[in-house]
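Inspection log for the structure reproduced underneath, given as structure tokens.
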Amino acid sequence: MSVLPSPSRPLRLAAAIGRGDAADALDAEPYIRAARLAERGRLDFVTLGDSFTRRGPDALAVLARVAPATERIGLVPTVTTTHTEPFHVSSAVATLDWVSRGRAGWTVDVSTTEAEARLFGRRPAAPARALWREAAEVADVAGRLWDSWEDDAEIRDVATGRFIDRDKLHYVDFEGGDFSVRGPAIVPRPPQGRPVIAVDATASLPREAAARHADIAYVRAMNRSGAAGARADLRGRAAAHGRDPDALTVLAALTVDLTDGERAASADSASYEGKLTAGRGGRTRYRGGPVGLAALIGDWYEAGAADGFHITPADPDGDLERFVNGTVALLQHRGVFRTFYPGATLRAHLGLARPAGRYAPAPAGGIA
Amino acid sequence: MNTPVKKQIHLAAHFPGVNATTVWADPRSGSQIDFSSFEHLARTAERGLFDFFFLAEGLRLREHKGRIHDLDVVGRPESITVLNALAAVTDRLGLAATVNATFNEPYELARRLGTLDHLSGGRAAWNVVTSSDAFTGENFRRGGYLDRADRYTRAAEFVAVARELWDSWDGGGAPRPFAHSGRHFDISGEFGVRRGPQGHPVVIQAGDSDEGREFAASAADIVFTRHGTLAAGRAFYADVKRRLGAYGRRPADLKIMPGATFALGDTAAEAQEKAAEIRRLQVSPQNAILALEQVWGRDLSAYDPDGPLPDIDPDPESQLVQGRVRIGDPLAVAAKWRALAAAKGLSIRQTVIETTGRQSFIGTPESVAAELDEFVQTDAADGFILIPHLTPGGLDDFVARVVPLLQERGSFRTRYEGTTLRDHLGLARPPAAPAPDAPAPDPKDPDAKDPDAPAPARGTRGAAVKG
Ligand SMILES: Cc1cc2nc3c(=O)[nH]c(=O)nc-3n(C[C@H](O)[C@H](O)[C@H](O)COP(=O)(O)O)c2cc1C
């Protein structure tokens, strides 16, 4: 057996726990069950999609409700930037990080439709280009607000009567195209410093925003080379923005239908790409067994086509269970995926350092 | 025949705020931001069978003399997100978020509150505040400033729209398209969240002007007030309850809950001593000068906190203080402070200690329980929003020592009778509009079995305030 070149970075796995229009989509229990299951599989994080025209709960709220019922798993809701207030979004994501003790992320998305615009009546629908430019600005200002308190701003100095050192709180004075924010944040710097930012970077406009501001990029690809191409493109763009490409984790996004079960497992695992089809809304759909999916994941990962995978179970209950108990267990057995969480924060799971605040003075001896 | 039930006290727990009431210099003072602090206070309140847990909000850090105010606790989490997390560690406790009606939009906030109501099993409440200075607006898209009249028409329309959205799902479990066109909002579409367990989350109003009172009478379930004395409480209570009739509402439909602080001791003397000690911690020498500057509107940093009050007069036009409610009439307040200082020979710090924020209830658990009960039984209040001075343990003693005495007096529940905040408050669940071609009511739908729903006053009162 040939020894595969071991990729330098551990495999990342994440799963969506959305329930669509299900009757229990407004109850907390099914989300807690799914997040705990994913946590048993030692996944990096779970995601919950959102948009204002979708029926169902506010995604960030659900993951805040899930936070105390879980211990290690990352919690990454979608929060849109078009009709929301950048200041509130930054506060809510920071607060999710506080209540989860450092496990928050945020999938940035935009609202392009007339129907969404009418729910707010504040601004008409705009072209995606303008909305993604604004989304990048919102991600940017959120990062600045998270940094606007230095880590040691709270001093509780009884002698001088001061609770904070106000020289360690900073105005952000951000001027975007359509909004401005003065700052500083009303929420102290969150446990991770900056919660993790994710973007679906399949299309070119969000890909540019991802290259600039995201820690995680999802890409939907129909085959290994398509994923590899998207990953290389993202890394190239990140480098062009002066970022370390390794600071951007690229996850291949698949909707998985594993109901074929072990009948498919006995099939030739080399043919897994034949099981990928174009699903609704530009999604890539895998239909087959958990074993074949493990083969696909191992292969794309080891070939460097993706840093990991984001899985959307076709059936939110059954397919997540088959994924965790089948695919993930197999990857763990083969030593491809972790069997315990070495860290406690989402950044730790992803191998991302806690960033220093941008307003903090450079450490002594650093660049002046 | 029912035995006559004594008027029941409602209690809420206010997480300590970002002002001088909260003592941080005490070694027992814990984090104002770690989730464990919120969990501690919420669990304490639930152990005490409180009606709800309450979070305040401020959307810009306060400033003083053009710099961020640094003498009080600073920094807090976003309310609704914390409450969703607290829903995971409590079962019955109501969860109230203060959320500004000026710097939010109805569709999004109605969705977030509707979600909280579902995820908590019917425990959501919204404290509608209207503060809207240009200073705070600098953090928001809309920016700007609204004067008091506009603030309240926007808030009233906001609440009315939120209720239209919550009501846009009928008993049949399908959303009807909504369309609202008003002075402040022009929106249409389909609301994504089915009616929650409470029908409408509970609405709280905090604001004391005539406009604020009218808004409360028309649209709120609870008023959060600052009227601390028995006489002022009774006058306020009578005034606000009197306004209800015009909106087709009964006195019991609106609960009046003043904010209240307290100091407990084994003897009256010990309680007084503790209260004085807390006041000394609240009014540090630096905070004394600051309190003075808030009234005077001038830089008084050169004055000695242990020396006499300044001779110069306040500047009534001052912009020194930003991000907090300004004192009513500075000249009158200054005159009162000077008279007191002269009569008793007080220093600046002693004057501030004497005149500001003395605890509302000071005494033994027995006397405090009796006093609280008297407020409620004599219609100065329907209950209290208790503001402890310590995070997170500031209610521990109250729950252990005062709550059992209120229960003995027959004025406070000995268990939660219902599961929702409306149940705790004795407020009916507003009935849903029937489905357009309503078939036989679905027995599993809570909207279909609401025997004690009142006359449809609630359904029309949104329209009443739009005027
Ligand atoms: C008891 C009480 C609590 C309040 N809490 C808040 C708060 O947490 N956040 C806020 O922005 N405003 C708060 N306010 C301010 C009110 O929303 C309102 O802006 C202010 O009272 C001025 O309105 P008025 O002129 O009607 O009194 C509070 C007011 C009162 C009386």
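Below, chains carry the letters A, B, ... as their sequence lines are ordered, and counting in each starts from 1.
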Practice problem: Measure across A:Arg156 and B:Ser29 and return the closest heavy-atom pair with its distance rounded to 0.1 Å. | Solution: NH1-OG, 2.9 Å
Quiz item: Quick one: what part of A:Asp167 sits under 4.5 Å from any heavy atom of chain B, side chain, backbone, both or neither?
Solution: side chain
Quiz item: Non-hydrogen atoms of chain B under 4.5 Å away: do they reach the side chain of A:Ala104, the backbone, both or neither?
Solution: neither
Quiz prompt | Heavy-atom pair with the smallest gap, counting every atom of A:Leu26 and B:Leu119 | solution = O-CD2, 3.7 Å
Quiz item: Would a 4.5 Å heavy-atom cut-off, applied to side chains only, mark A:Val89 and B:Glu78 as touching?
Solution: no
Quiz item: Is chain B contacted by the side chain of A:Thr84, its backbone, both, or neither, given a heavy-atom distance below 4.5 Å?
Solution: both
Quiz item: Could B:Glu190 and A:Arg55 be called an ion pair, given the rule that one side-chain N must be under 4.0 Å from one carboxylate O?
Solution: yes
Quiz item: Do the ring centers of A:His88 and B:Phe103 come within less than 6.0 Å of each other?
Solution: no
Practice problem: Look only at the side chain of B:Tyr107 and the backbone of A:Glu116, and say whether a donor-acceptor pair between them is shorter than 3.5 Å. | Solution: no
Quiz item: Can you say whether A:Arg189 sits under 4.5 Å from chain B via the side chain, the backbone, both, or neither, judging by heavy atoms?
Solution: neither
Quiz prompt | Residue A:Ala92 versus chain B: region with a heavy atom under 4.5 Å | solution = both
Quiz item: Got A:Val181 and B:Phe140 here, is their nearest side-chain heavy-atom distance under 4.5 Å?
Solution: no
Quiz item: Measuring heavy-atom distances to chain A, does B:Gln286 have an atom under 4.5 Å in its side chain, in its backbone, in both, or in neither?
Solution: side chain
Self-check item: Note, A:Phe120 side chain near B:Glu108 side chain (heavy atom, < 4.5 Å)
Solution: yes
Quiz item: Would you say the side chain of A:Pro57 lies within less than 4.5 Å of the side chain of B:Arg111, judging by non-hydrogen atoms?
Solution: no
Practice problem: Nearest 0.5 Å please: distance from the CG atom of A:Leu145 over to the CG atom of B:Asn139. | Solution: 7.5 Å
Exercise. Let me know if B:Thr115 has heavy atoms under 4.5 Å from chain A in its side chain, its backbone, both or neither.
Key: side chain
Quiz prompt | Region of A:Leu60 in contact with chain B, defined by heavy-atom distances below 4.5 Å | solution = side chain
Quiz item: Which answer fits A:Phe174, side chain, backbone, both or neither, if we ask what part of it has an atom under 4.5 Å from a heavy atom of chain B?
Solution: neither
Exercise. Scan side-chain atoms only and decide if A:Arg65 and B:Ser120 contain a donor-acceptor pair under the 3.5 Å cut-off.
Key: no
Quiz prompt | Main-chain N/O of A:Arg166 paired to B:Asp70 side chain as donor or acceptor, under 3.5 Å | solution = no
Quiz prompt | Residues from residues 30-40 of chain B approaching chain A under 4.5 Å (heavy atoms) | solution = B:Gly30, B:Ser31, B:Gln32, B:Ile33, B:Asp34, B:Phe35, B:Ser36
Exercise. To the nearest 0.5 Å, tell me how far B:Asn84 CG sits from A:Asp58 CG.
Key: 7.5 Å
Quiz prompt | Interchain contact, B:Leu59 with chain A, by part (heavy-atom threshold 4.5 Å) | solution = both
Quiz item: Given that the side chain runs from C-beta out, which part of A:Glu154 has a heavy atom under 4.5 Å from chain B: side chain, backbone, both or neither?
Solution: side chain
Quiz item: About how many Å separate CZ of A:Arg162 and NE2 of B:His69, when rounded to the nearest 0.5 Å?
Solution: 12.5 Å
Self-check item: Contact origin within A:Ala185 toward chain B - heavy atom pairs under 4.5 Å
Solution: backbone
Quiz item: Which bit of A:Val62 comes within less than 4.5 Å of chain B, counting heavy atoms only: side chain, backbone, both or neither?
Solution: both
Quiz prompt | Student check: side-chain heavy atoms of A:His83 and B:Arg141 closer than 4.5 Å | solution = no
Quiz item: So which part of B:Val89 gets closer than 4.5 Å to some heavy atom of chain A, the side chain, the backbone, both or neither?
Solution: side chain
Self-check item: Rounded distance (nearest 0.5 Å) linking atom CD of B:Glu138 with atom CZ of A:Phe87
Solution: 11.5 Å
Quiz item: Rounded to the nearest 0.5 Å, how far apart are CZ of B:Arg76 and OG of A:Ser91?
Solution: 11.5 Å
Quiz prompt | Proximity breakdown for A:Ala61 and chain B, heavy-atom pairs closer than 4.5 Å | solution = both
Practice problem: Could you list all the side-chain hydrogen bond (donor to acceptor under 3.5 Å, both in side chains) pairs where at least one residue sits in residues 68-82 of chain A, not counting sequence neighbours? | Solution: A:Thr70-A:Arg103
Exercise. Select one option (side chain, backbone, both, neither) describing which atoms of A:Ala25 are under 4.5 Å from chain B's heavy atoms.
Key: neither
Exercise. Kindly indicate whether the side chain of B:Ile68, heavy atoms from C-beta on, has any atom under 4.5 Å from the side chain of A:Leu169.
Key: yes
Quiz item: By a 4.5 Å heavy-atom criterion (distance strictly below it), what part of A:Asp157 contacts chain B: side chain, backbone, both, or neither?
Solution: backbone
Quiz item: Does A:Glu85 reach the side chain of B:Glu105, with side-chain heavy atoms less than 4.5 Å apart?
Solution: no
Exercise. Indicate yes or no: at least one non-hydrogen side-chain atom of B:Leu61 is less than 4.5 angstrom from one of A:Trp149.
Key: yes
